[in-house]
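As structure tokens, the structure follows; a few thoughts come after it.
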Amino acid sequence: MTTLFDSHRVGELTLPNRVVMAPMTRVRAAAGGLATPSMATYYAQRATAGLIVSEGVQPSLIGQANPGTPGLHTVEQTTAWRPVTAAVHANGGRIFAQIMHGGRVSHADITGFQPVGPSAVPAVGEVFTPTGPKPMPVPRALETAEVPEHARSYAEAARRAVDAGFDGVELHGANGFLISQFLSSNANVRTDRYGGSVANRIRFAVEAASATVEAVGSARTGIRLSPGGTFWGVAEDDVPELYTALLAELARLDLAYVHLEATIEEDVLLGLRRAWPGTLIVNPTLPMGPKQTGRTDADHWLGLGADLISFGRAFIANPDLVERLRLGAPIAPVDEATFYQGGDAGYLTYSAYQHAS
């Protein structure tokens, strides 16, 4: 029986365990989308994870979804990330950058631009802006000729990520952001080669992944997906067909991994496990849900064929989560009030487990 503490090969990396720190927005970047010394400490504290996936990093200014998030589209941003990756490596860790283009989930108050998306269909809900939550704006539908430029933006950010010392990148194809919007059957109502049929709706994801593989290599490229997820109002009418077709195309690229969120029934996810020949990361619990992933969830999915298990919220309050899981020690609860408040409280202030002597 595979355990969380067995090693596993991902691309050219040998992970010492199968615990992955999932990407989580923490909005602690400095002005200009710059990584900070506190971010270096935060990730270095969690370097015992087999793999860390960073918070979502925008590949362009227009791709920024939230205030206070870091970027990888300027020289200054690339330089600012180097102490972060160096700190993780100094503590023996491995870190991928999650490349996240918000698409329609954005606002002119954040970027200075009208957001773009596959179609002029607004997301559902409110978007966080520097002056508080505001209704989602109607995005500008991308012209057919513009779409490849946004696909290439993932690859350009990936080049910068590797230059900044990241071990690889994860394309954010989940949770209602740009790749997810193209996959969607209601956010994407295009009638050109990027819309309509399953083959057309997966095209943007495949082009973004292909460009990234060409830029940094397949061993350094993963993708995160949320089959059937309804984040920000996206809907997918044909989940098994859609994702089986997407995984078949991604398999040709020999990606380092696919990272699936458990956003649909288990039997559908098991079908996707069978459809994907490579390394599979499973995130067993819904992002921002009330539940923290624990050892029971992890063991369940390892038993079902997942190779790696990603933990989100549990890593916030437990920088030493791997050791706690190994010992069966209590998993500390997280203070949700500090998720996005900025500063080091609720960011660097969680302590390691105190062993009884």
Side-chain angles (χ1 to χ4, degrees), residues 1-24 43-54 88-89 91-96 98 167-168 170 219 222-225 227 247 255-287 289 291-334 350-356:
M1 171 70 184
T2 301
T3 80
L4 268 179
F5 312 106
D6 294 333
S7 64
H8 185 76
R9 189 93 173 154
V10 171
E12 296 173 357
L13 300 173
T14 299
L15 312 187
N17 58 64
R18 295 171 185 247
V19 178
V20 175
M21 179 175 167
M24 290 174 284
Y43 285 115
Q45 285 177 342
R46 291 154 178 82
T48 51
L51 177 66
I52 293 171
V53 184
S54 81
V88 171
H89 292 146
N91 275 15
R94 296 135 300 274
I95 184 167
F96 274 35
Q98 189 190 62
D167 298 295
E170 175 181 285
I223 191 168
R224 193 176 208 216
L225 303 168
L247 292 177
L255 298 188
Y257 66 77
V258 165
H259 187 176
L260 289 182
E261 296 176 20
T263 40
I264 199 163
E265 294 85 2
E266 193 170 284
D267 63 327
V268 177
L269 292 171
L270 291 177
L272 299 180
R273 164 69 285 187
R274 291 189 291 272
W276 174 246
T279 290
L280 182 72
I281 306 174
V282 169
N283 187 272
T285 52
L286 280 174
K291 187 171 179 287
Q292 293 186 163
T293 300
R295 181 71 188 270
T296 302
D297 306 296
D299 289 344
H300 175 73
W301 278 102
L302 288 173
L304 293 177
D307 298 297
L308 305 166
I309 306 297
S310 69
F311 295 74
R313 298 156 61 93
F315 255 117
I316 294 177
N318 300 272
D320 59 337
L321 180 64
V322 174
E323 186 65 8
R324 291 180 189 240
L325 291 167
R326 195 188 306 273
L327 294 171
I331 306 299
V334 67
Y350 291 110
S351 58
Y353 179 62
Q354 299 300 310
H355 300 256

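The analysis underlying the following values was restricted to heavy atoms, covering all of them including side chains, and did not include hydrogens, waters or symmetry mates.
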Looking at side-chain heavy atoms only, is the closest gap between [X] and [Y] below 4.5 Å?
X      : Y      : answer
Ile223 : Leu255 : yes
Phe315 : Val19  : yes
Leu269 : Val282 : no
Ile331 : Leu321 : yes

Contacts of Arg324 meeting salt bridge (charged side-chain N to carboxylate O under 4.0 Å, His left out) (sequence neighbours excluded), chain-then-number -> Asp320
Does anything in residues 295-307 pair up under salt bridge (charged side-chain N to carboxylate O under 4.0 Å, His left out), and if so which pairs, sequence neighbours excluded?
Arg273-Asp307, Lys291-Asp297, Arg295-Asp299
Who passes side chain to side chain donor-acceptor pair (under 3.5 Å) against [X], sequence neighbours left out?
X      : value
Glu12  : none
Thr48  : none
Thr14  : Arg9
Ser310 : His259, Asn283

Checking Tyr257 now: which residues fulfil ring pair (Phe, Tyr, Trp, His ring centres under 6.0 Å) with it, not counting sequence neighbours?
Phe96
Go through the structure and list residues passing ring pair (Phe, Tyr, Trp, His ring centres under 6.0 Å) with Tyr43, not counting sequence neighbours.
none
In Å and rounded to the nearest 0.5 Å, what is the [atom1] to [atom2] distance from [X] to [Y]?
X      : Y      : atom1 : atom2 : answer
Arg46  : Tyr350 : CZ    : OH    : 9.0 Å
Asn17  : Ile309 : CG    : CD1   : 11.5 Å
Thr285 : Arg313 : OG1   : CZ    : 8.0 Å

Could you tell me which non-hydrogen atom of [X] sits nearest to which non-hydrogen atom of [Y], and how far apart they are?
X      : Y      : result
Pro23  : Ser54  : CB-O, 3.0 Å
Gly11  : Ala256 : N-CB, 4.3 Å
Pro284 : Ala262 : O-CB, 3.5 Å
Pro227 : Leu272 : CG-CD1, 3.8 Å
Leu15  : Val10  : CD1-CG2, 3.6 Å

Let's go through Leu304 and Glu266 carefully: what are the C-alpha distance in whole Å and the side-chain angles of both, what is the deciding distance for side-chain contact (heavy atoms from CB on, under 4.5 Å) to 0.1 Å, and is it a yes or a no?
CA-CA 10 Å; Leu304 293 177; Glu266 193 170 284; 3.6 Å; yes
Could you work out, with side chain to side chain contact (heavy atoms under 4.5 Å, CB included) as the rule, every residue matching Thr3, not counting sequence neighbours?
Phe5, Asp6
Can you sort out the partners of Glu265 under side chain to side chain contact (heavy atoms under 4.5 Å, CB included), two or more places apart, ordered by chain and number?
Asp267, Val268
From CA spacing to verdict: side-chain contact (heavy atoms from CB on, under 4.5 Å), Leu325, Phe311:
CA-CA 11 Å; Leu325 291 167; Phe311 295 74; 3.8 Å; yes
Could you please spell out the steps behind the side-chain contact (heavy atoms from CB on, under 4.5 Å) verdict for Leu51 and Leu308?
CA-CA 9 Å; Leu51 177 66; Leu308 305 166; 5.6 Å; no
Could you tell me whether the side chain of [X] and the main chain of [Y] form a donor-acceptor pair under 3.5 Å?
X      : Y      : result
Asn318 : Ala332 : yes
Arg224 : Leu260 : no
Arg94  : Ala49  : yes

